[in-house]
2 protein chains.
Amino acid sequence: MRSGRPRAFDVDEALRSALKVFWSKGYEGASMADLTEAMGINRPSLYAAFGNKEDLFMRALDLYVQGFHSAGSGFAEEPTAYRAIEAFLRSTALLCSGPSTPRGCLLVQGALAVGDSSESVREALAARRAAVLDALTQRVQRGVEDGDLPADTDVTDLAQYVMVTNNGLAVQAAGGATRDELFRCIDIAMRAWPTAR
Amino acid sequence: MRSGRPRAFDVDEALRSALKVFWSKGYEGASMADLTEAMGINRPSLYAAFGNKEDLFMRALDLYVQGFHSAGSGFAEEPTAYRAIEAFLRSTALLCSGPSTPRGCLLVQGALAVGDSSESVREALAARRAAVLDALTQRVQRGVEDGDLPADTDVTDLAQYVMVTNNGLAVQAAGGATRDELFRCIDIAMRAWPTAR
DNA sequence: AGTACATTATATCGATCGGTACAGAAGTCG
DNA sequence: CGACTTCTGTACCGATCGATATAATGTACT
(Lines give C-alpha, C1' and ligand atoms only; values in the text may rest on other atoms or scores of the structure.)
Protein backbone atom coordinates (compact mmCIF):
# COMPACT_ATOMS: atom_id res chain seq x y z
CA MET A 1 0.00 0.00 0.00
CA ARG A 2 1.14 3.51 -0.72
CA SER A 3 2.38 5.45 2.27
CA GLY A 4 0.69 8.61 3.42
CA ARG A 5 -2.83 9.40 4.42
CA PRO A 6 -5.29 7.36 2.35
CA ARG A 7 -7.84 9.07 0.15
CA ALA A 8 -11.19 9.43 1.86
CA PHE A 9 -13.29 9.22 -1.33
CA ASP A 10 -13.61 6.96 -4.35
CA VAL A 11 -12.12 8.57 -7.44
CA ASP A 12 -14.43 6.80 -9.90
CA GLU A 13 -17.53 7.64 -7.94
CA ALA A 14 -16.44 11.27 -7.63
CA LEU A 15 -15.86 11.33 -11.38
CA ARG A 16 -19.34 9.99 -11.99
CA SER A 17 -20.75 12.79 -9.84
CA ALA A 18 -18.70 15.35 -11.74
CA LEU A 19 -19.98 13.96 -15.03
CA LYS A 20 -23.56 14.52 -13.97
CA VAL A 21 -22.82 18.14 -13.16
CA PHE A 22 -21.08 18.77 -16.49
CA TRP A 23 -23.83 16.87 -18.26
CA SER A 24 -26.58 19.06 -16.93
CA LYS A 25 -24.80 22.42 -16.83
CA GLY A 26 -22.10 22.22 -19.48
CA TYR A 27 -18.43 22.97 -19.02
CA GLU A 28 -18.62 26.64 -18.18
CA GLY A 29 -21.97 26.42 -16.44
CA ALA A 30 -20.53 24.00 -13.91
CA SER A 31 -18.62 25.89 -11.24
CA MET A 32 -15.98 24.38 -9.00
CA ALA A 33 -18.37 24.96 -6.10
CA ASP A 34 -21.04 22.91 -7.92
CA LEU A 35 -18.55 20.16 -8.64
CA THR A 36 -17.01 19.86 -5.19
CA GLU A 37 -20.45 19.87 -3.60
CA ALA A 38 -21.75 17.13 -5.90
CA MET A 39 -18.58 15.11 -5.50
CA GLY A 40 -18.58 15.50 -1.73
CA ILE A 41 -14.96 16.58 -1.53
CA ASN A 42 -12.99 19.77 -0.93
CA ARG A 43 -11.37 21.82 -3.58
CA PRO A 44 -7.73 20.83 -2.93
CA SER A 45 -8.70 17.16 -3.02
CA LEU A 46 -10.25 17.68 -6.42
CA TYR A 47 -7.20 19.43 -7.79
CA ALA A 48 -4.85 16.82 -6.33
CA ALA A 49 -6.84 13.97 -7.85
CA PHE A 50 -7.81 15.42 -11.23
CA GLY A 51 -5.52 18.34 -12.04
CA ASN A 52 -7.69 21.28 -12.98
CA LYS A 53 -11.22 21.87 -14.22
CA GLU A 54 -10.35 21.16 -17.84
CA ASP A 55 -8.58 17.90 -16.97
CA LEU A 56 -11.56 16.86 -14.89
CA PHE A 57 -13.91 17.57 -17.78
CA MET A 58 -11.79 15.55 -20.17
CA ARG A 59 -11.86 12.62 -17.75
CA ALA A 60 -15.62 12.97 -17.39
CA LEU A 61 -15.94 13.15 -21.17
CA ASP A 62 -14.03 9.89 -21.54
CA LEU A 63 -16.29 8.26 -19.00
CA TYR A 64 -19.35 9.57 -20.81
CA VAL A 65 -18.33 8.31 -24.23
CA GLN A 66 -17.09 4.94 -23.06
CA GLY A 67 -19.71 4.27 -20.44
CA PHE A 68 -22.84 5.99 -21.63
CA HIS A 69 -22.91 7.20 -25.20
CA SER A 70 -24.45 4.97 -27.79
CA ALA A 71 -21.47 5.24 -30.13
CA GLY A 72 -19.64 3.13 -27.57
CA SER A 73 -22.30 0.44 -27.55
CA GLY A 74 -22.54 -2.09 -30.32
CA PHE A 75 -25.07 -0.42 -32.58
CA ALA A 76 -22.91 -1.11 -35.63
CA GLU A 77 -23.24 -4.84 -35.15
CA GLU A 78 -26.92 -4.93 -35.98
CA PRO A 79 -27.48 -7.02 -39.11
CA THR A 80 -28.68 -4.27 -41.44
CA ALA A 81 -27.79 -0.61 -41.77
CA TYR A 82 -31.41 0.31 -41.15
CA ARG A 83 -31.57 -1.60 -37.89
CA ALA A 84 -28.14 -0.34 -36.83
CA ILE A 85 -29.10 3.30 -37.31
CA GLU A 86 -32.47 2.76 -35.68
CA ALA A 87 -30.72 1.18 -32.71
CA PHE A 88 -28.30 4.08 -32.57
CA LEU A 89 -31.08 6.65 -32.48
CA ARG A 90 -33.11 4.70 -29.95
CA SER A 91 -30.03 4.43 -27.77
CA THR A 92 -29.60 8.18 -27.99
CA ALA A 93 -33.22 8.71 -27.02
CA LEU A 94 -32.85 6.42 -24.05
CA LEU A 95 -29.65 8.09 -22.92
CA CYS A 96 -31.06 11.60 -23.27
CA SER A 97 -34.24 10.82 -21.35
CA GLY A 98 -32.85 8.61 -18.61
CA PRO A 99 -34.64 9.03 -15.27
CA SER A 100 -31.44 9.09 -13.22
CA THR A 101 -29.19 11.06 -15.58
CA PRO A 102 -29.42 14.62 -16.87
CA ARG A 103 -31.50 15.31 -19.95
CA GLY A 104 -29.75 15.71 -23.26
CA CYS A 105 -26.32 14.75 -24.52
CA LEU A 106 -23.03 15.97 -23.11
CA LEU A 107 -21.51 16.15 -26.57
CA VAL A 108 -24.22 18.56 -27.65
CA GLN A 109 -24.64 20.47 -24.40
CA GLY A 110 -21.05 21.62 -24.38
CA ALA A 111 -20.82 22.19 -28.11
CA LEU A 112 -22.73 25.44 -28.10
CA ALA A 113 -22.99 28.63 -26.14
CA VAL A 114 -19.46 28.68 -24.90
CA GLY A 115 -17.22 31.61 -24.03
CA ASP A 116 -13.69 32.30 -25.11
CA SER A 117 -12.00 30.53 -22.24
CA SER A 118 -12.75 26.97 -23.27
CA GLU A 119 -11.45 26.61 -26.77
CA SER A 120 -9.77 23.29 -26.09
CA VAL A 121 -12.93 21.88 -24.55
CA ARG A 122 -14.94 22.85 -27.59
CA GLU A 123 -12.35 21.21 -29.82
CA ALA A 124 -12.42 18.03 -27.77
CA LEU A 125 -16.21 17.87 -28.04
CA ALA A 126 -16.08 18.53 -31.77
CA ALA A 127 -13.58 15.70 -32.14
CA ARG A 128 -15.87 13.33 -30.24
CA ARG A 129 -18.82 14.27 -32.39
CA ALA A 130 -16.69 13.81 -35.47
CA ALA A 131 -15.84 10.33 -34.24
CA VAL A 132 -19.54 9.53 -33.87
CA LEU A 133 -20.21 10.82 -37.37
CA ASP A 134 -17.35 8.68 -38.63
CA ALA A 135 -18.77 5.58 -36.98
CA LEU A 136 -22.15 6.30 -38.56
CA THR A 137 -20.57 6.85 -41.97
CA GLN A 138 -18.70 3.56 -41.77
CA ARG A 139 -21.84 1.67 -40.82
CA VAL A 140 -23.79 3.23 -43.69
CA GLN A 141 -20.93 2.43 -46.06
CA ARG A 142 -21.07 -1.17 -44.94
CA GLY A 143 -24.79 -1.11 -45.61
CA VAL A 144 -24.09 -0.15 -49.21
CA GLU A 145 -21.52 -2.91 -49.52
CA ASP A 146 -23.90 -5.42 -47.97
CA GLY A 147 -26.55 -4.46 -50.47
CA ASP A 148 -29.14 -3.27 -47.96
CA LEU A 149 -28.71 0.26 -49.30
CA PRO A 150 -28.76 1.36 -52.97
CA ALA A 151 -25.36 1.42 -54.58
CA ASP A 152 -25.67 5.10 -55.44
CA THR A 153 -26.39 6.12 -51.85
CA ASP A 154 -24.41 9.15 -50.71
CA VAL A 155 -23.12 7.70 -47.47
CA THR A 156 -21.77 11.02 -46.20
CA ASP A 157 -25.09 12.80 -46.61
CA LEU A 158 -27.04 9.95 -45.08
CA ALA A 159 -24.73 9.74 -42.08
CA GLN A 160 -24.98 13.46 -41.58
CA TYR A 161 -28.76 13.22 -41.66
CA VAL A 162 -28.55 10.65 -38.88
CA MET A 163 -26.27 12.99 -36.97
CA VAL A 164 -28.73 15.84 -37.41
CA THR A 165 -31.53 13.68 -36.09
CA ASN A 166 -29.35 12.57 -33.19
CA ASN A 167 -28.51 16.13 -32.23
CA GLY A 168 -32.09 17.24 -32.63
CA LEU A 169 -33.27 14.47 -30.33
CA ALA A 170 -30.72 15.56 -27.74
CA VAL A 171 -31.92 19.15 -27.88
CA GLN A 172 -35.58 18.18 -27.66
CA ALA A 173 -34.83 15.88 -24.75
CA ALA A 174 -33.00 18.66 -22.95
CA GLY A 175 -36.05 20.82 -23.58
CA GLY A 176 -38.29 18.34 -21.82
CA ALA A 177 -39.54 15.96 -24.51
CA THR A 178 -40.58 12.59 -23.13
CA ARG A 179 -39.06 9.28 -24.07
CA ASP A 180 -42.16 8.25 -26.03
CA GLU A 181 -42.16 11.47 -28.00
CA LEU A 182 -38.53 10.91 -28.95
CA PHE A 183 -39.30 7.36 -30.04
CA ARG A 184 -42.15 8.50 -32.26
CA CYS A 185 -39.81 11.06 -33.84
CA ILE A 186 -37.38 8.25 -34.59
CA ASP A 187 -40.16 6.25 -36.22
CA ILE A 188 -40.83 9.18 -38.54
CA ALA A 189 -37.15 9.87 -39.14
CA MET A 190 -36.54 6.30 -40.26
CA ARG A 191 -39.14 6.70 -42.98
CA ALA A 192 -36.52 8.78 -44.80
CA TRP A 193 -34.34 5.70 -45.06
CA PRO A 194 -33.59 4.61 -48.64
CA THR A 195 -35.25 1.38 -49.68
CA ALA A 196 -33.03 -1.42 -50.98
CA ARG A 197 -33.41 -2.15 -54.64
CA MET B 1 -36.93 66.95 -28.59
CA ARG B 2 -36.11 65.63 -25.17
CA SER B 3 -33.86 67.83 -23.09
CA GLY B 4 -30.54 66.68 -21.78
CA ARG B 5 -27.45 65.39 -23.50
CA PRO B 6 -28.41 63.35 -26.57
CA ARG B 7 -27.44 59.73 -26.85
CA ALA B 8 -24.24 59.25 -28.80
CA PHE B 9 -25.15 55.84 -30.24
CA ASP B 10 -28.02 54.25 -32.10
CA VAL B 11 -30.03 51.97 -29.83
CA ASP B 12 -31.19 49.63 -32.58
CA GLU B 13 -27.73 49.26 -34.03
CA ALA B 14 -26.29 48.59 -30.58
CA LEU B 15 -28.99 45.99 -30.02
CA ARG B 16 -28.09 44.29 -33.27
CA SER B 17 -24.48 44.13 -32.13
CA ALA B 18 -25.55 42.68 -28.79
CA LEU B 19 -27.65 40.07 -30.58
CA LYS B 20 -24.64 38.86 -32.51
CA VAL B 21 -22.68 38.40 -29.29
CA PHE B 22 -25.49 36.49 -27.57
CA TRP B 23 -26.05 34.50 -30.75
CA SER B 24 -22.48 33.26 -30.91
CA LYS B 25 -21.71 32.90 -27.20
CA GLY B 26 -25.06 32.29 -25.52
CA TYR B 27 -26.47 34.21 -22.58
CA GLU B 28 -23.95 33.31 -19.93
CA GLY B 29 -21.04 33.02 -22.33
CA ALA B 30 -21.47 36.65 -23.31
CA SER B 31 -19.88 38.92 -20.71
CA MET B 32 -20.72 42.56 -20.23
CA ALA B 33 -17.21 43.35 -21.44
CA ASP B 34 -17.91 41.43 -24.66
CA LEU B 35 -21.20 43.23 -25.11
CA THR B 36 -20.01 46.76 -24.44
CA GLU B 37 -17.03 46.27 -26.73
CA ALA B 38 -19.15 44.93 -29.58
CA MET B 39 -21.75 47.64 -29.07
CA GLY B 40 -19.13 50.36 -28.88
CA ILE B 41 -20.50 51.91 -25.71
CA ASN B 42 -19.61 52.09 -22.02
CA ARG B 43 -21.19 50.03 -19.35
CA PRO B 44 -23.37 52.75 -17.77
CA SER B 45 -24.75 53.66 -21.18
CA LEU B 46 -25.77 50.07 -21.69
CA TYR B 47 -27.49 49.86 -18.33
CA ALA B 48 -29.23 53.21 -18.87
CA ALA B 49 -30.53 52.16 -22.27
CA PHE B 50 -31.40 48.51 -21.69
CA GLY B 51 -31.75 47.89 -17.94
CA ASN B 52 -29.60 44.90 -17.09
CA LYS B 53 -28.08 41.95 -18.89
CA GLU B 54 -31.26 39.90 -18.76
CA ASP B 55 -33.38 42.75 -20.13
CA LEU B 56 -30.87 43.27 -22.92
CA PHE B 57 -31.02 39.59 -23.80
CA MET B 58 -34.80 39.64 -23.91
CA ARG B 59 -34.73 42.63 -26.26
CA ALA B 60 -32.15 40.86 -28.43
CA LEU B 61 -34.31 37.74 -28.39
CA ASP B 62 -37.30 39.71 -29.62
CA LEU B 63 -35.21 41.17 -32.41
CA TYR B 64 -33.97 37.71 -33.33
CA VAL B 65 -37.39 36.13 -33.52
CA GLN B 66 -39.05 38.98 -35.33
CA GLY B 67 -36.21 39.95 -37.60
CA PHE B 68 -34.33 36.76 -38.28
CA HIS B 69 -35.96 33.52 -37.28
CA SER B 70 -37.88 31.64 -39.90
CA ALA B 71 -40.95 31.27 -37.71
CA GLY B 72 -41.42 34.99 -38.21
CA SER B 73 -41.28 34.73 -41.97
CA GLY B 74 -44.19 33.50 -44.00
CA PHE B 75 -43.35 29.83 -44.29
CA ALA B 76 -46.89 28.86 -43.34
CA GLU B 77 -48.30 30.53 -46.42
CA GLU B 78 -46.76 28.06 -48.84
CA PRO B 79 -49.53 26.23 -50.70
CA THR B 80 -48.93 22.74 -49.30
CA ALA B 81 -47.79 21.50 -45.92
CA TYR B 82 -44.86 19.77 -47.57
CA ARG B 83 -43.65 22.93 -49.23
CA ALA B 84 -44.28 24.99 -46.10
CA ILE B 85 -42.18 22.68 -43.92
CA GLU B 86 -39.48 22.43 -46.55
CA ALA B 87 -39.38 26.21 -46.73
CA PHE B 88 -39.20 26.39 -42.96
CA LEU B 89 -36.24 24.04 -42.79
CA ARG B 90 -34.44 25.72 -45.65
CA SER B 91 -34.94 29.04 -43.96
CA THR B 92 -33.43 27.61 -40.81
CA ALA B 93 -30.45 26.30 -42.75
CA LEU B 94 -29.93 29.68 -44.37
CA LEU B 95 -30.18 31.49 -41.06
CA CYS B 96 -27.81 29.12 -39.28
CA SER B 97 -25.16 29.28 -42.00
CA GLY B 98 -25.31 32.94 -42.88
CA PRO B 99 -21.94 34.44 -43.80
CA SER B 100 -22.42 37.61 -41.76
CA THR B 101 -24.21 36.16 -38.73
CA PRO B 102 -23.07 33.64 -36.11
CA ARG B 103 -23.53 29.96 -36.83
CA GLY B 104 -26.44 28.14 -35.30
CA CYS B 105 -29.71 29.29 -33.78
CA LEU B 106 -30.05 31.56 -30.77
CA LEU B 107 -33.07 29.62 -29.53
CA VAL B 108 -30.98 26.46 -29.40
CA GLN B 109 -27.67 27.98 -28.33
CA GLY B 110 -29.09 29.34 -25.14
CA ALA B 111 -31.35 26.42 -24.43
CA LEU B 112 -28.62 24.16 -23.17
CA ALA B 113 -25.60 24.26 -20.95
CA VAL B 114 -26.80 26.96 -18.66
CA GLY B 115 -26.01 27.60 -15.02
CA ASP B 116 -28.37 28.28 -12.17
CA SER B 117 -28.37 32.03 -12.54
CA SER B 118 -30.42 32.25 -15.72
CA GLU B 119 -33.59 30.37 -15.04
CA SER B 120 -35.82 33.05 -16.51
CA VAL B 121 -33.74 33.20 -19.68
CA ARG B 122 -34.06 29.48 -20.15
CA GLU B 123 -37.81 29.73 -19.66
CA ALA B 124 -38.07 32.54 -22.20
CA LEU B 125 -36.15 30.48 -24.75
CA ALA B 126 -38.29 27.43 -24.05
CA ALA B 127 -41.39 29.54 -24.59
CA ARG B 128 -40.09 30.79 -27.92
CA ARG B 129 -39.29 27.29 -29.06
CA ALA B 130 -42.73 26.18 -27.95
CA ALA B 131 -44.19 28.95 -30.09
CA VAL B 132 -42.25 27.67 -33.10
CA LEU B 133 -43.48 24.15 -32.44
CA ASP B 134 -46.99 25.48 -32.17
CA ALA B 135 -46.71 27.27 -35.52
CA LEU B 136 -45.44 24.06 -37.09
CA THR B 137 -48.25 22.06 -35.55
CA GLN B 138 -50.85 24.46 -36.86
CA ARG B 139 -49.42 24.33 -40.36
CA VAL B 140 -49.35 20.54 -40.33
CA GLN B 141 -52.90 20.50 -39.02
CA ARG B 142 -53.97 22.72 -41.91
CA GLY B 143 -52.24 20.29 -44.24
CA VAL B 144 -54.46 17.51 -42.93
CA GLU B 145 -57.55 19.65 -43.37
CA ASP B 146 -56.46 20.64 -46.88
CA GLY B 147 -56.05 17.01 -47.77
CA ASP B 148 -52.36 17.13 -48.61
CA LEU B 149 -51.67 14.93 -45.60
CA PRO B 150 -53.42 11.67 -44.69
CA ALA B 151 -56.40 12.13 -42.38
CA ASP B 152 -54.90 9.86 -39.76
CA THR B 153 -51.65 11.84 -39.56
CA ASP B 154 -50.52 12.51 -36.00
CA VAL B 155 -49.91 16.21 -36.38
CA THR B 156 -48.18 16.54 -33.03
CA ASP B 157 -45.63 13.85 -33.78
CA LEU B 158 -44.98 15.14 -37.26
CA ALA B 159 -44.48 18.71 -36.03
CA GLN B 160 -42.13 17.48 -33.36
CA TYR B 161 -40.14 15.60 -35.97
CA VAL B 162 -39.76 18.84 -37.90
CA MET B 163 -38.65 20.53 -34.70
CA VAL B 164 -36.08 17.82 -34.08
CA THR B 165 -34.73 18.27 -37.59
CA ASN B 166 -34.68 22.02 -37.13
CA ASN B 167 -32.72 21.78 -33.88
CA GLY B 168 -30.37 19.21 -35.34
CA LEU B 169 -29.63 21.45 -38.29
CA ALA B 170 -28.86 24.30 -35.91
CA VAL B 171 -26.42 22.16 -33.93
CA GLN B 172 -24.68 20.86 -37.03
CA ALA B 173 -24.43 24.37 -38.41
CA ALA B 174 -22.88 25.59 -35.17
CA GLY B 175 -20.46 22.69 -35.44
CA GLY B 176 -19.29 23.87 -38.83
CA ALA B 177 -21.53 22.14 -41.38
CA THR B 178 -21.77 24.00 -44.67
CA ARG B 179 -24.93 25.36 -46.19
CA ASP B 180 -24.95 22.71 -48.90
CA GLU B 181 -24.57 19.92 -46.37
CA LEU B 182 -27.54 21.26 -44.45
CA PHE B 183 -29.61 21.45 -47.61
CA ARG B 184 -28.83 17.86 -48.50
CA CYS B 185 -29.87 16.81 -44.99
CA ILE B 186 -33.18 18.59 -45.54
CA ASP B 187 -33.65 16.73 -48.83
CA ILE B 188 -33.26 13.46 -46.95
CA ALA B 189 -35.40 14.60 -44.02
CA MET B 190 -38.30 15.47 -46.32
CA ARG B 191 -38.35 11.89 -47.60
CA ALA B 192 -39.97 11.02 -44.28
CA TRP B 193 -42.95 13.15 -45.20
CA PRO B 194 -46.24 11.22 -45.44
CA THR B 195 -47.60 10.86 -48.95
CA ALA B 196 -51.08 12.13 -49.60
CA ARG B 197 -53.60 9.44 -50.29
C1' DA C 1 -26.06 83.64 -19.80
C1' DG C 2 -28.04 80.42 -16.79
C1' DT C 3 -30.62 76.46 -15.33
C1' DA C 4 -32.32 71.78 -15.91
C1' DC C 5 -31.44 67.26 -17.37
C1' DA C 6 -29.94 63.12 -19.74
C1' DT C 7 -25.72 60.88 -21.26
C1' DT C 8 -20.91 60.18 -20.92
C1' DA C 9 -16.46 58.27 -18.87
C1' DT C 10 -13.80 56.73 -14.93
C1' DA C 11 -13.36 54.26 -11.16
C1' DT C 12 -15.14 51.07 -8.20
C1' DC C 13 -18.49 47.97 -5.73
C1' DG C 14 -19.42 43.12 -3.56
C1' DA C 15 -19.78 38.45 -5.30
C1' DT C 16 -18.04 34.76 -7.61
C1' DC C 17 -14.74 32.68 -10.74
C1' DG C 18 -10.76 28.98 -11.04
C1' DG C 19 -6.85 27.82 -8.42
C1' DT C 20 -3.54 27.39 -4.00
C1' DA C 21 -0.64 28.10 0.42
C1' DC C 22 -0.54 26.34 4.62
C1' DA C 23 -1.15 23.70 8.68
C1' DG C 24 -3.11 19.75 10.84
C1' DA C 25 -4.65 14.84 10.40
C1' DA C 26 -4.00 9.97 9.12
C1' DG C 27 -1.64 6.63 7.31
C1' DT C 28 3.17 3.62 6.31
C1' DC C 29 7.97 3.32 7.26
C1' DG C 30 12.13 2.90 10.41
C1' DC D 1 8.02 6.08 19.47
C1' DG D 2 9.33 9.39 15.90
C1' DA D 3 10.35 10.55 10.52
C1' DC D 4 8.20 10.69 6.26
C1' DT D 5 4.46 10.96 3.04
C1' DT D 6 -0.07 11.94 1.38
C1' DC D 7 -4.54 13.73 2.01
C1' DT D 8 -8.01 17.00 4.31
C1' DG D 9 -9.91 21.46 5.73
C1' DT D 10 -9.64 26.41 6.10
C1' DA D 11 -8.62 30.42 4.49
C1' DC D 12 -7.18 33.02 0.87
C1' DC D 13 -5.14 34.54 -3.91
C1' DG D 14 -5.72 37.60 -8.26
C1' DA D 15 -9.02 37.93 -12.01
C1' DT D 16 -13.38 38.51 -13.67
C1' DC D 17 -18.35 38.58 -13.06
C1' DG D 18 -22.66 41.85 -13.32
C1' DA D 19 -23.86 46.24 -11.72
C1' DT D 20 -23.21 51.45 -9.90
C1' DA D 21 -21.70 55.85 -7.58
C1' DT D 22 -19.89 59.95 -9.01
C1' DA D 23 -18.60 63.70 -11.63
C1' DA D 24 -17.73 65.77 -16.10
C1' DT D 25 -19.98 66.69 -20.66
C1' DG D 26 -23.25 68.33 -23.93
C1' DT D 27 -27.93 69.65 -25.37
C1' DA D 28 -32.64 72.22 -24.84
C1' DC D 29 -35.42 75.50 -22.51
C1' DT D 30 -35.98 80.06 -19.95
Side-chain angles (χ1 to χ4, degrees), chain A residues 1-15 17-19 21-22 24-61 110 113-122 124, chain B residues 1-15 17-19 21-22 24-61 110 113-122 124:
Chain A
M1 178 178 181
R2 220 166 72 235
S3 72
R5 179 171 176 173
R7 203 170 256 140
F9 64 95
D10 182 66
V11 174
D12 291 335
E13 189 180 331
L15 187 60
S17 300
L19 169 58
V21 178
F22 283 127
S24 62
K25 300 191 175 186
Y27 175 68
E28 288 188 323
S31 70
M32 296 305 292
D34 294 331
L35 291 164
T36 53
E37 187 190 6
M39 299 164 84
I41 64 178
N42 314 87
R43 221 168 288 213
S45 300
L46 190 157
Y47 279 91
F50 298 102
N52 59 17
K53 186 184 180 183
E54 184 179 322
D55 294 335
L56 174 62
F57 181 82
M58 297 300 184
R59 293 270 306 264
L61 182 56
V114 95
D116 307 309
S117 64
S118 40
E119 200 69 31
S120 54
V121 167
R122 175 160 39 191
Chain B
M1 178 175 179
R2 225 168 67 236
S3 72
R5 178 171 177 174
R7 200 170 260 140
F9 63 96
D10 182 64
V11 175
D12 290 335
E13 188 180 331
L15 186 60
S17 300
L19 169 58
V21 178
F22 282 128
S24 62
K25 300 190 175 188
Y27 176 68
E28 290 188 321
S31 69
M32 296 306 291
D34 294 330
L35 291 164
T36 52
E37 187 190 5
M39 299 164 83
I41 63 177
N42 315 85
R43 221 166 289 211
S45 299
L46 190 156
Y47 280 91
F50 298 101
N52 58 17
K53 186 184 180 182
E54 184 179 323
D55 294 336
L56 174 61
F57 181 83
M58 297 300 185
R59 292 272 303 267
L61 182 56
V114 95
D116 307 309
S117 63
S118 41
E119 200 68 31
S120 55
V121 167
R122 176 161 39 192

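Protein chains get the first letters and strands the later ones, always in sequence-line order, with residue 1 at the start of each.
- Mapping Arg7(B) and Arg43(B) onto DNA chain C by nearest heavy atom places Arg7(B) at the nucleotide closer to the 5' end.
- The distance from atom CG of Asp34(A) to atom P of dG19(C) is 14 Å, rounded to the nearest whole Å.
- Of all non-hydrogen atoms in Ala18(B) and Met39(B), the two that sit nearest each other are CB-SD, 3.8 Å.
- Taking atom CZ on Phe50(B) and atom P on dT7(C), their separation rounds to 12 Å, with Å as the unit.
- A distance of 11.0 Å separates CD of Glu37(A) from OG of Ser17(A), quoted to the nearest 0.5 Å.
- In the region residues 52-60 of chain B, proximity to DNA chain D at under 4.0 angstrom, judged on heavy atoms, holds for Asn52(B), Lys53(B).
- Atom-to-atom distance recorded for Ile41(B):CD1 and Phe50(B):CZ is 6.0 Å, nearest 0.5 angstrom.
- One can place CG of Asp10(A) at 12 Å from P of dT8(D), the figure rounded to the nearest angstrom.
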Sort me out a list of protein N/O and nucleotides 21-24 of chain C N/O pairs below 3.5 Å, or just none if empty.
unit_1: dG24(C); atom_1: N2; unit_2: Arg5(A); atom_2: NH1; d: 3.4

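- No cation-pi contact links Lys53(A) to Phe22(A), judged by a cut-off of 6.0 Å to the six-membered ring centre and 45° from its axis.
- Distance from the side chain of Ser45(A) is smallest for dT8(D) among the nucleotides dC17(D), dG27(C), dT8(D).
- Nearest-nucleotide positions on DNA chain D place Phe9(A) closer to the 5' end than the other of Ala30(B) and Phe9(A).
- Note: CD (Glu28(A)) to C1' (dA15(D)) measures 15 Å, nearest angstrom.
- Contact between Met58(A) and Ser120(A) at its shortest, heavy atoms only, is CE-O, 3.9 Å.
- Across all their heavy atoms, Asp34(A) and Gly29(A) have their closest contact at OD2-O, 3.7 Å.
- At dC4(D), none of the side-chain N or O atoms of Ser3(A) fall inside 4.0 Å of OP1 or OP2 (strictly under the cut-off).
- Atom pair Tyr47(B):OH and dA21(D):P shows a separation of 12 Å (rounding to whole Å applied).
- Listed candidates were dT28(C), dG18(D), dC17(D). Nearest to the side chain of Ala33(B) is dC17(D).
- One atom, CD of Glu37(A), and another, P of dG18(C), lie 14 Å apart when rounded to the nearest Å.
- Between the C1' atom of dA11(D) and the CE atom of Met32(A) lies a distance of 17 Å, rounded to the nearest Å.
- Taking NZ of Lys25(A) as the reference point, atom CG of Leu35(A) lies at 8.5 Å (rounded to 0.5 Å).
- In this structure, the nucleotide among dT8(C), dG27(C), dC17(D) sitting nearest to the side chain of Ala8(B) is dT8(C).
- Between Leu15(A) and Ala60(A), the closest heavy-atom pair is CD1-N, 3.8 Å.
- Closest of all the heavy-atom pairs between Ala48(A) and Arg7(A) is O-NH2, 4.5 Å.
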